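Here the structure comes first, spelled out in structure tokens, and everything after it is commentary.
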Amino acid sequence: MSTAAAQPDPSSGSIDPIFHLIRVVPFSFLRPPRLRLKLPSFSLPSAMTVYSLILLTYFMVVSGIVYDVIVEPPGIGSTQDHFTGAVKPVVFMPGRVNGQYIIEGLSSGFMFVLGGTGIVLLDLALDKNRAKSVKVSYSTAGVAFVVISYVMSMLFIRIKIPAYLR
């Protein structure tokens with residue numbers, strides 16, 4: 001007897017009859033369908049969509065959204081007037097550089113985004129293919145945004161830290 005006749009052919013299947021019933025018998029009278037599946041196609045988002053998402057992410061990061069979620073500060077603070085005794089709202093947490101109210105973070109983040117938008121407008125004003133009136137409009141708005149952002153950010157810092165740069 002030869003060794004080839006003694007070993008079963010691996011392609012003929014398993015010796016286990018339950019495996020044979022489960023794997024071979026159903027396909028002797030059933031036929032699997034022919035599926036024509038297509039992979040979904042994704043198109044790249046437009047440049048403005050990507051810019052908007054990056055700007056929104058930048059606003060959330062510089063506004064301190066993570067700090068607001070973890071620490072859960074109040075939206076706005078309050079202080080009592082020494083002379084009248086009336087309670088006045090306070091937007092900036094005084095004396096604490098590493099703490100903020102929610103409105104303080106959002107307003108500071110808006111100023112940073114405004115300054116960044118001003119820089120983008122100044123870059124767009126340098127395009128040679130634009131009309132001169134559009135270039136002037138972009139550059140005027142860009143300079144105004146940067147100046148307003150800088151002045152307001154310095155005002156916010158001076159409110160938060162009264163002796164800053166004096």
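Owing to the predicted nature of the structure, the values given are computational and were not obtained by experimental measurement. Atom set for the values below is all heavy atoms of this structure, side chains included, hydrogens, waters and symmetry mates excluded.
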Checklist line | Gap between atom CD1 of Ile102 and atom CG of Asp68 - 0.5 Å precision | finding: 5.0 Å

Next item on the list: Answer yes or no: does atom CG of Leu126 have more than 12 heavy-atom neighbours from other residues, nucleotides or ligands under 6.0 Å?
Entry: yes

Next item on the list: Indicate the atoms forming the closest heavy-atom contact of Tyr138 with Ala125, along with that distance.
Entry: CB-CB, 3.8 Å

Item checked: Value rounded to 0.5 Å, distance of CZ in Phe92 from CD1 in Ile157 -> 10.0 Å

Next item on the list: Evaluate whether atom OH of Tyr51 has more than 12 neighbouring non-hydrogen atoms of other residues, nucleotides or ligands under 6.0 angstrom away.
Entry: yes

Margin query: Is it the case that over 12 heavy atoms from other parts of the model lie below 6.0 angstrom from the CZ atom of Phe110?
Written below: no

Notebook entry, point to check: How long is the gap from CD1 on Ile161 to CZ on Arg96, to the nearest 0.5 Å?
Noted result: 12.5 Å

Notebook entry, point to check: Under 4.5 Å between side-chain heavy atoms, hopping through other hydrophobics if needed: is there a path connecting Met60 to Leu114?
Noted result: yes

Notebook entry, point to check: Is it true that atom CE of Met152 has more than 12 heavy atoms of other residues, nucleotides or ligands lying nearer than 6.0 Å?
Noted result: yes

Notebook entry, point to check: Could you give the distance from CG (Leu155) to CD1 (Ile159), rounded to the nearest 0.5 Å?
Noted result: 4.0 Å

Margin query: Do Phe145 and Ile119 have side chains that approach each other closer than 4.5 Å (heavy atoms only, starting at C-beta)?
Written below: no

Check: Are there more than 12 heavy atoms of other residues, nucleotides or ligands under 6.0 Å from atom CZ of Phe83?
Finding: no

Checklist line | Separation between CD1 of Ile65 and OG1 of Thr57, rounded to the nearest 0.5 Å | finding: 11.0 Å

Check: Can you get from Val62 to Val69 by hopping between Ile, Leu, Val, Met, Phe, Trp and Tyr side chains that sit under 4.5 Å apart?
Finding: yes

Check: What's the shortest heavy-atom distance between Lys128 and Lys135, and which atoms?
Finding: CA-NZ, 4.1 Å

Next item on the list: Could you pull out the closest heavy-atom pair between Ala141 and Leu121, with the gap in Å?
Entry: CB-CD1, 3.9 Å

Item checked: Shortest non-hydrogen contact between Phe156 and Ser108, atoms and distance -> CD1-OG, 3.7 Å

Notebook entry, point to check: Looking only at heavy atoms, what is the nearest atom pair of Arg130 and Leu124, with distance?
Noted result: NE-O, 3.3 Å

Item checked: Exceeds 12 heavy-atom contacts within 6.0 angstrom, atom CG of Leu35 -> yes

Notebook entry, point to check: For the atom pair CZ (Phe59) and CE (Met111), what is the distance rounded to the nearest 0.5 Å?
Noted result: 10.5 Å

Notebook entry, point to check: Tell me, do Tyr101 and Val91 make a side-chain contact under 4.5 Å, heavy atoms counted?
Noted result: no

Notebook entry, point to check: Shared ILVMFWY cluster between Val120 and Ile148, side chains joined below 4.5 angstrom?
Noted result: yes

Notebook entry, point to check: Can you name the closest pair of heavy atoms from Ser63 and Gln100 and give their distance?
Noted result: O-NE2, 3.0 Å

Next item on the list: Give a yes or no on whether Val87 and Val90 share a hydrophobic cluster (residues Ile, Leu, Val, Met, Phe, Trp, Tyr; joining criterion: side-chain heavy atoms under 4.5 Å apart).
Entry: no

